[in-house]
Engineer: 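Here's a structure for you.
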Amino acid sequence: MRLQGVFAGLALVLASCSAAGSERAASAPASQPSVHPLSGLPVVPLTVSHGTHRFRFRVEVARSPDQQQRGLMFREKMGPDEGMIFPMQPPRFASFWMHNTVLALDIVFIGVDGRIMSIAANAVPYSDAPIPAGGLTGAVLELNGGRAAQLGIAPGDRVDW
């Protein structure tokens, strides 16, 4: 009889642990998006497909007009596989500048078809000169200056994020 009481108590404890674990799992968010520690912007995976090669990056997403205007201004360093994507909703004829931008950047203009239209390689830090896309733009990707050439990324390559 006493042994049955121990088993009953153990079953009760296990059931309560299991229920508490399920409750915690149900109340926890399924998937927390990654957030950049400096900008506070969401960070998402991005892939550039060049022939059979796939280049993977983790990029901050600048969606709002304020986020896009600030971009990578004042940023002093960025990892080799990091960047920032600027979705253009709706698509438009984009033009960028390097105002208050410390880092040299490759500015990659992406057409509405998801393919690279042009690359402004090694854009000059702090320059206020406009850098036009040259066509209707679906998004703009900024990478460290020289990174596109280093990897062989070129117009016509596909960008997915």
Side-chain angles (χ1 to χ4, degrees), residues 21 23-161:
E23 188 176 304
R24 275 194 299 273
S27 65
S31 170
Q32 287 284 4
S34 179
V35 174
H36 194 275
L38 295 176
S39 69
L41 296 176
V43 177
V44 300
L46 178 141
T47 303
V48 177
S49 300
H50 176 82
T52 60
H53 299 288
R54 304 284 177 269
F55 303 107
R56 289 170 174 58
F57 298 90
R58 301 274 305 151
V59 299
E60 300 165 63
V61 182
R63 289 195 186 280
S64 76
D66 287 341
Q67 292 167 345
Q68 291 186 357
Q69 183 176 356
R70 180 168 174 91
L72 289 168
M73 285 183 181
F74 309 108
R75 189 71 57 86
E76 295 181 359
K77 64 181 177 176
M78 191 166 59
D81 296 323
E82 295 178 344
M84 185 174 281
I85 188 81
F86 301 76
M88 301 286 153
Q89 299 297 330
R92 59 185 176 268
F93 291 90
S95 182
F96 274 50
W97 64 352
M98 294 290 287
H99 185 78
N100 290 327
T101 305
V102 178
L103 302 170
L105 297 173
D106 286 347
I107 302 175
V108 180
F109 294 100
I110 304 163
V112 294
D113 62 354
R115 298 205 173 271
I116 297 173
M117 294 187 304
S118 63
I119 301 172
N122 287 301
V124 178
Y126 300 105
S127 173
D128 288 340
I131 304 168
L136 191 59
T137 307
V140 177
L141 172 63
E142 291 182 340
L143 302 172
N144 282 306
R147 189 70 171 137
Q150 180 184 36
L151 296 173
I153 293 171
D157 290 350
R158 178 143 188 91
V159 180
D160 296 292
W161 75 95

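Residue indices begin at 1 and follow the sequence shown. Just so it is clear, the structure is predicted and the values come from calculations on it, not from any experiment.
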Engineer: Does the Gln67 side chain pair with the main chain of Ser64, one donor and one acceptor, at a distance under 3.5 Å?
Structural biologist: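 Yes, the answer is positive, given that a donor and an acceptor are paired below the 3.5 Å cut-off.
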Engineer: Would you list the atom pairs, donor with acceptor, under 3.5 Å between side chains in residues 132-141 and any protein atom, with sequence neighbours excluded?
Structural biologist:
from	atom 1	to	atom 2	distance (Å)
Thr137	OG1	Arg92	O	3.4
Thr137	OG1	Gly135	O	3.0

Engineer: If only atom types and distance count, is the side chain of Asp106 paired as donor or acceptor with the main-chain N or O of Asn122 below 3.5 Å?
Structural biologist: yes
Engineer: Distance-only, no hydrogens or angles: does the Arg147 side chain make a donor-acceptor pair with backbone N or O of Pro80 under 3.5 Å?
Structural biologist: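 Checking the backbone N and O of Pro80 against the side chain of Arg147, a donor-acceptor pair under 3.5 Å is found.
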Engineer: Sort and list the pairs that fulfil ring-ring contact (aromatic ring centres under 6.0 Å, His included) and have at least one residue in residues 72-91, not counting sequence neighbours.
Structural biologist: Phe86-Phe96
Engineer: Drop me the distance from Ile116's CD1 to Ser49's OG, to the nearest 0.5 angstrom.
Structural biologist: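 Between Ile116 CD1 and Ser49 OG, I get 9.5 Å after rounding to 0.5 Å.
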Engineer: Let me confirm one number: the CZ-OG1 distance from Arg158 to Thr47, rounded to the nearest 0.5 Å.
Structural biologist: 11.0 Å
Engineer: Tell me, please, which residues at least two apart from Glu60 pass side-chain hydrogen bond (donor to acceptor under 3.5 Å, both in side chains).
Structural biologist: Ser39, Arg75
Engineer: To the nearest 0.5 Å, how far apart are CG in Leu72 and CE in Met98?
Structural biologist: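 These two atoms lie 8.5 Å from each other.
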Engineer: Roughly how far, to the nearest 0.5 Å, is the CG atom of Asp157 from the NE2 atom of His50?
Structural biologist: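 The distance works out to 5.5 Å.
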Engineer: From Leu103 CG over to Met73 CE, what is the distance, rounded to the nearest 0.5 angstrom?
Structural biologist: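 With rounding to 0.5 Å, CG (Leu103) is 13.0 Å from CE (Met73).
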Engineer: Give a yes or no on whether the backbone of Gly51 and the side-chain of Arg54 come within a donor-acceptor separation of less than 3.5 Å.
Structural biologist: yes
Engineer: To the nearest 0.5 Å, what is the distance between CD1 on Ile85 and CH2 on Trp161?
Structural biologist: 4.5 Å
Engineer: Is it true that a side-chain atom of Asn144 and a backbone atom of Met78 form a donor plus acceptor pair closer than 3.5 Å?
Structural biologist: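 Checked: pair present.
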Engineer: Answer yes or no: is there a donor N or O on one side and an acceptor on the other, between the side chain of Thr101 and the main chain of His99, under 3.5 Å?
Structural biologist: yes
Engineer: Between Arg115 and Gly156 (side chain of the first, backbone of the second, donor and acceptor by atom type, cut-off under 3.5 Å), is there such a pair?
Structural biologist: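 Judged by distance alone, yes, a pair lies under 3.5 Å.
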Engineer: Please check if the side chain of Gln68 supplies one atom and the backbone of Pro65 the other of a donor-acceptor pair under 3.5 Å.
Structural biologist: no
Engineer: Any side-chain to backbone donor/acceptor pair from Glu142 onto Gly83? Under 3.5 Å, distance only.
Structural biologist: no
